[in-house]
Each structure stands twice: as C-alpha cells, then as structure tokens.
Amino acid sequence: MGIRVQVQSERFDAGQLLNAMSGTESDCGAVASFSGQVRGGKGLIALELEHYPGVTEKALLRIAQHAAERWDLRQATIIHRVGRMEIGEEIVFVGATAPHRRAALDAVSFMIDVLKTQAPFWKKEYDANGEHWVEARGEDDQAAARWLHEKEEMSA
Amino acid sequence: MGIRVQVQSERFDAGQLLNAMSGTESDCGAVASFSGQVRGGKGLIALELEHYPGVTEKALLRIAQHAAERWDLRQATIIHRVGRMEIGEEIVFVGATAPHRRAALDAVSFMIDVLKTQAPFWKKEYDANGEHWVEARGEDDQAAARWLHEKEEMSA
Amino acid sequence: MSLTVRYFAALRERMGTAEEAVDTPATTGTELIAWLIERDSRANVLEHPSTRIIVNDEIVSRKHALKAGDVVAFCPPFSGG
Amino acid sequence: MSLTVRYFAALRERMGTAEEAVDTPATTGTELIAWLIERDSRANVLEHPSTRIIVNDEIVSRKHALKAGDVVAFCPPFSGG
C-alpha cells in the first residue's frame, strides 16, 4: 500500500500523476481519479489558496490513511496546490488504485469529499470587483457527512 | 457537450486521455476518470477481448449519452480495447468533465457500471491450464441495476 | 424465411461458426432457437436464460417478431470493462 | 500563561496579524476568545460557531484545556479542493 500526499505551489500534470499510479502492482485492476480545476465564470480572474503548513499535510495523510483502512487499495494519492492560480489551472488531484473498481471509485469520492471540509485550505477569489474569501458550502458538509460517522471528528 | 467513444485494439495512454479532457471548457471545474487494467494473479497469462463490431460502438455511445442526459457534463469519454492484452495493460478508460465534482464522479461510476452489463464485450482468460470465457458476475448486474430503472432496457 | 444468424464468444465456439445464413419457418427468437436445436442439438445452450438476442443491432426479447433479412445475434452475458 | 495565537484567511485579515504571542489567564478556547474580544472588539468574529480551533495541530473543541506554550490557531471554515 503506497500513500502519497503533497502540498505544492507548482503546477502538476494530472495525466502524469494518473500514469504514475497505473500498472505498478500486478493485482491491481482499477485506477480512479478526480481532479479539480479553477472554474471560470461570474467574472472570476484568479484564485488564491491559503493553507496551514504542516497541519495540512497531516490532514491529507490522515484522509488517505482513512481511505486505505476503509477500502482495499494499493495506492492513494492526494496532491493539492496552494498560492495563486488562473482559470483552467489544476487545484487538486486525488487518485486511488485497487484490485476492484468499486473500491477505487469510492475511495476517490471519499477523499475529495472529506478533503473539502477536513483539510485547512482557504480559497480567495479575485474578480473585477476585488477579492473575497470563498464561503464553505453546506452541500460540502453534507457530502463529507455521507462518509463520516456523526460523532467522529477527524483530527487535523 | 462533447462525447467521444472508441473501440480499438491499439494500446492507449490514460494520462493523455485525461489531459485531453482537462481545461477545454472554462466553466468546467471537475474531471473524473476510471481506467481498468488486466489484473494478474490466479495464473493468468493474458486476456482476449471479443466484441460485436458496430453494435459495441452504438452501445458505448448510448451509455455516454445517457450519462450526459442524467448529469450536467461537458465531456464524456469511453475508450475500450479489444484483442489480446497482457497483464498490466489497460483495457478501458472512462472519463467525464463537469462544472461540479459530484456530476463528474457519478457519471464515471455510471458509465463503467453500465458498460459491464450493457455493451457486447466478452473476455477470455488464458492461463497455464488453457483458456476459458469469463462469466458475467452477479455483482456487476447489481451495480448496473443501481443506475437503471428496473424495466428500462437499454438497446445495444 | 431467410435470416443471418451470428454467434459470439462461447456460443460461437460451441456452434463452430461465427455466422450462417439460414432458411427457417421460425417467426420469433424462441421459435428460431427451437428450430436450431432441432437441426443440431449443440444449439441447446441458446435456450439458457442468460443468452441475449440482438436483432439488427437492438437487444430484443425472445418474443420479438422476426422478418426476412434480419440479422439475429446470439450473445452470452457481456463481460467487458 | 503564554500562548502563540495564529489566525488564518479571513480571520487573519480581520485581526490584522497572522501570529502573535499573548500572555493570558484564559484556560480554554472559549475563555481565550472572550479575552481576545475584551482586548480588541474586532475579535468578536472568533465567536462565530463556524470558527474552528486547532491546538498543536489537532482540531479541538472550545472547551479543550489550554496549557502554556500551546499554539492556538483560529480557522474559518475550510474551502479547499
């Protein structure tokens, strides 16, 4: 079982990350991935991502470990960028490999849903009117709650 | 909305397919993918995939169109190989892009689940004891049934 | 009437051919299967409930009415992906 | 006792600093917030129920007992991904 988590300001290549996870273990038939990009519209010019260095990495590691405890995975990868990003640039990559497809797909959904509410990242949007912090969305809480026990609180 | 389906004997590069879908539309924040590979173990030497030319392509197109009707997608891609494949080689790639992550992730799960039971592909396994056709798995029917209405029968 | 009959995967191997032209009085899938078994008992596998019938590129039920010139394909359960 | 207090994102901008050393009689998160508001009313946003407290890298409740040397971080709701 290989876990890889990383917080970086540099851009990454999602296809390269996907291929790096593929075909490394012979009993591994399934590779699933999610990547998030800066979405244009509503006058958005750019995003800026702030985080809590040290704590973020621990939170991502914890999320990947939880996924690996819950599903039979071979690899789990979470890469998240910080700093300023233009429209269309990648923000986050989440990937999992597993012997079976359901495990890989569910683990990826789990990791991205939980990451949104459990890892200390904050987004600021820049548009023609200035800048503002993105508010957390109730539906993100609901998506994370799908996976987490009501009383379980993940440590950062 | 762009749909791409393809049946081919040539190998493909999942990372390249993923990147080809990314960042093509500015309101598109989410990219999800699944790829299946030949899983080793149990003495397996190679797989051979047979299909129903013409009908397969129509079935894949129908599956991608169903996904696009059901979720707000920007792109849906299904690439499936046929012919002989060694362990670790890619068999299938399914990808979706969407403004929102849930749509992209659910559409990918839908397409791979439904493909397993609704597209005319047949797998033959070669091992030290000879060759045999892979039997359809009941859990695949269940996974597809999650998505399809009980009485709905998708045409090939 | 004349039909083109195709067999895939395990059924192709069982029947020993991928495609044949037949001239048959059968007017439905069920009747065609009975006629094929009558002709050659190896065709009894076509009766298995998991066998799917695709007529002119559409999955149909066994009761589907056949017409002259139809391409009728017998398919074992799909196992792609 | 002496604590290191950190503020992130909107709270950092509101408080005008990312980090400060304080010497306070507060022994819990709740008391620390009250003490910070007493010192500077801009800190009233810390009372908002959505504010999370991370002490020495662990998310804790407001009732969590603080000890000298702790690093206490005030965080608005996370919005990564």
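Letters go in sequence order (proteins before strands), and every chain restarts at 1.
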Asks: Is it true that, when you exclude B:E86 itself, more than 12 heavy atoms of the residues, nucleotides or ligands shown sit nearer than 6.0 Å to its CD?
Replies: yes
Asks: Can you tell if the side chain of C:F8 reaches within under 4.5 Å of the side chain of B:P120, non-hydrogen atoms only?
Replies: no
Asks: Hey, are the side chains of C:S79 and B:W133 touching, using non-hydrogen atoms and a 4.5 Å cut-off?
Replies: no
Asks: Pick from B:L49, B:D140, B:T117, B:L115: which one has the most heavy-atom pairs with chain C under 4.5 Å?
Replies: B:T117
Asks: Decide if atom CZ of B:R4 counts as having more than 12 heavy atoms of other residues, nucleotides or ligands within a radius under 6.0 Å.
Replies: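 12 or below, so no.
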Asks: So what's closer than 4.5 Å to chain B heavy atoms on C:V55: side chain, backbone, both or neither?
Replies: neither
Asks: Counting only heavy atoms not in B:Q65, do more than 12 sit closer than 6.0 Å to its CD atom?
Replies: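 Yes, because the 6.0 Å sphere around CD of B:Q65 holds more than 12 heavy atoms from other groups.
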Asks: Ignoring hydrogens and angles, tell me if any N or O in the side chain of B:K123 forms a donor-acceptor pair with the backbone of C:G81 under 3.5 Å.
Replies: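 Yes.
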Asks: Starting from the C-alpha separation in whole Å, work towards a yes-or-no answer on salt bridge (Lys or Arg N to Asp or Glu O under 4.0 Å) for B:E50 and C:R6.
Replies: CA-CA 14 Å; B:E50 177 173 335; C:R6 304 189 61 171; over 6 Å; no
Asks: Examine whether an atom of B:H132 lies under 4.5 Å from a heavy atom of chain C, and if so say whether it belongs to the side chain, the backbone or both; otherwise answer neither.
Replies: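 When you check distances to chain C, no heavy atom of B:H132 falls under 4.5 Å.
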Asks: Is B:E131 close to chain C through its backbone or its side chain, or both, or neither, when contacts mean heavy atoms under 4.5 Å?
Replies: side chain
